[in-house]
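Just below is one structure, and these are the notes that go with it.
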Amino acid sequence: MSSNPTRPPETAVAGDSEERIKRFLATASHDLQSPLRHIAMYAELLLDDLEETLDGEQLQSLRMILEKAQAAQRLTKALMSLAGGTPQVTPEEVDLQALADNIWGELTDETEVRGATLESVGLPSIRTDPALLGLVLRHLLTNALTYRSEAPPHVTIAAVREGTDWFIRISDNGTGIDSAYRERIFEPFWKLPKGGAVQGAGLGLTTAREFLTALGGDISLEHSDESGSRFIIRLPIA
C-alpha cells in the first residue's frame, strides 16, 4: 500500500501563508487600479481645463492630487508584480532625505499625532526604486507612530556606506517589541498586540522584506527594548 508524501507542517504553513499573501495582494491591488486611474485622469482633465483660472494654491493642490494618484498607481503595480512572483524594479536616483520628509509629512497629517518629530543624519541620494523603498519607509514610520509611548514620537533616520552597501537605520522611542514577539514580526498576517489600536492586515513588515529582497537588500530588527526599537535596512550601492 503506497502513501502520498506530505510536507512537513512548518513547510506547509509557510507555503499556505505565501499563497494567502499573493491572493490578498493581487486582489487588493487589482481592485485599486481602476479608481486610481480615474482619479489621475480627472485630475489631468481639470488641470487642462482650469489651469488658467485657478490661483497658485489651487493649482498646487490639484497637482498634488495627480502626483499622489500616480504614486499610488505605481505602488499598486509593484504589489501586483509581487503577487505574480517578483516585484517590478525601476531604479533611479532617489533623494533619501526628500523621500523620508515627504512620507513623514503625509503620515503625521493623516494620524494627527501631536509633537511627532523626525531627525535625519547624513541621508544620501541612492540609486534604487523609489516606490518600493518608499513603501518600506512608510511601513516603518507608520509603526513608529502607532506603537508609541507616552512621550511624543521621535524617529531618527541615519545612513552610512559600508563597502558595497548602504545601511539605513530607523530608530524610534516607542514601546519596544517584547522579546517573545521579536522572531514573529516578519511573519505574514501576524500583528503585534496593542490594546485599542486599529489593526491592519499584518503584512507591512512582510512586504517590506519582500520588496527589499527584490532590491537586492534586506531588513532586520537590530535592537529593541523599553526605550524604543531600531530597524536596519541594507541596500546595495549599485
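Residues take their numbers from the sequence shown, with the count starting at 1. These figures come from a predicted structure and were not determined experimentally. Only heavy atoms go into these numbers, but all of them, side chains included; no hydrogens, no water, no symmetry mates.
- With a 4.5 Å cut-off on side-chain heavy atoms, Leu66 and Leu47 count as touching.
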Test log, rule side-chain contact (heavy atoms from CB on, under 4.5 Å), inputs Trp104 and Leu145: CA-CA 10 Å; Trp104 181 257; Leu145 292 172; 3.7 Å; yes
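- Contact check for Arg169 versus Ile157: no side-chain heavy atoms found under the 4.5 Å cut-off.
- Looking at Glu226 and Thr175, their side chains never come closer than 4.5 Å, going by heavy atoms from C-beta outward.
- Within 6.0 Å of the CD atom in Glu57, the count of heavy atoms belonging to other residues, nucleotides or ligands does not exceed 12.
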Is there a salt bridge (charged side-chain N to carboxylate O under 4.0 Å, His left out) between Arg63 and Glu51 once you walk through the steps? CA-CA 10 Å; Arg63 286 170 180 154; Glu51 187 170 6; 3.2 Å; yes
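- With rounding to the nearest 0.5 angstrom, the CG atom of Leu107 is 8.5 Å from the OG1 atom of Thr146.
- Going from atom CD1 of Ile170 over to atom CD of Glu222 covers 10.0 Å, rounded to the nearest 0.5 Å.
- Every residue meeting the side-chain hydrogen bond (donor to acceptor under 3.5 Å, both in side chains) condition with Asp165, not counting sequence neighbours, appears here in chain and number order: Arg234.
- Judged purely by atom type and a 3.5 angstrom limit, Gln58 uses its side chain to pair as donor or acceptor with the backbone of Asp55.
- Contact annotation: the side chain of Leu140 approaches that of Ile233 to within less than 4.5 Å [non-hydrogen atoms, C-beta and beyond].
- Here Glu92 contributes atom CD and Ile126 contributes atom CD1; the two are 11.5 Å apart, rounded to the nearest 0.5 Å.
- Gly176 and Ser229 get closest at one heavy-atom pair: CA-OG, 3.6 Å.
- In the displayed structure, Glu162 atom CD is contacted under 6.0 Å by more than 12 heavy atoms of other residues, nucleotides or ligands.
- Taking a 6.0 Å sphere around CD of Glu106, one finds it holds more than 12 heavy atoms contributed by other residues, nucleotides or ligands.
- Across all their heavy atoms, Pro236 and Gly217 have their closest contact at CD-N, 4.0 Å.
- To the nearest 0.5 Å, atom CG of residue Leu62 and atom CD of residue Glu44 are 10.0 Å apart.
- If you take CD1 on Ile237 and OG1 on Thr164, they are separated by 6.5 Å, rounding to the nearest 0.5 Å.
- Looking at Pro124 and Trp166, their side chains come closer than 4.5 Å, going by heavy atoms from C-beta outward.
- Ser224 contributes a side-chain N or O that, together with a main-chain N or O of Ile177, makes up a donor-acceptor pair within less than 3.5 Å.
- Between the side chain of Arg114 and the backbone N or O of Pro152 there is no donor-acceptor pair closer than 3.5 Å.
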Review item, side-chain donor-acceptor pairs of residues 127-135, under 3.5 Å, at least two apart:
| from | atom 1 | to | atom 2 | distance (Å) |
| --- | --- | --- | --- | --- |
| Asp129 | OD1 | Ala131 | N | 2.9 |
| Asp129 | OD1 | Leu132 | N | 3.1 |
| Asp129 | OD2 | Thr90 | N | 2.6 |

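- Among the candidates Leu215, Val136, Ile219, Leu96, the single residue satisfying the side-chain contact (heavy atoms from CB on, under 4.5 Å) test with Leu235 is Leu215.
- With Asp172 contributing its side chain and Gly228 its backbone, the two residues share no donor-acceptor pair below 3.5 Å.
- With rounding to the nearest 0.5 angstrom, the CG atom of Leu54 is 5.0 Å from the CG atom of Leu59.
- When all heavy atoms of Ala100 and Leu123 are compared, the closest pair comes out as CB-CD1, 4.4 Å.
- Asp101 and Gln97 form a side-chain donor-acceptor contact under 3.5 Å, judged by distance and modelled atom types alone.
- The two residues Ala144 and Pro153 have their closest heavy-atom pair at O-CB, 4.4 Å.
- With contacts defined as side-chain heavy-atom distances shorter than 4.5 Å, the pair Asn173/Val155 does not qualify.
- Around CZ of Arg161, the count of heavy atoms belonging to other residues, nucleotides or ligands within 6.0 Å does not exceed 12.
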Is there a side-chain contact (heavy atoms from CB on, under 4.5 Å) between Asp218 and Arg209? Walk through the geometry before answering. CA-CA 6 Å; Asp218 55 45; Arg209 174 171 277 180; 6.0 Å; no
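- When the shell of 6.0 Å around CD of Glu110 is examined, it contains more than 12 heavy atoms from other residues, nucleotides or ligands.
- Here the side chains of Ile168 and Ile232 are not in contact, with every heavy-atom distance at 4.5 Å or above.
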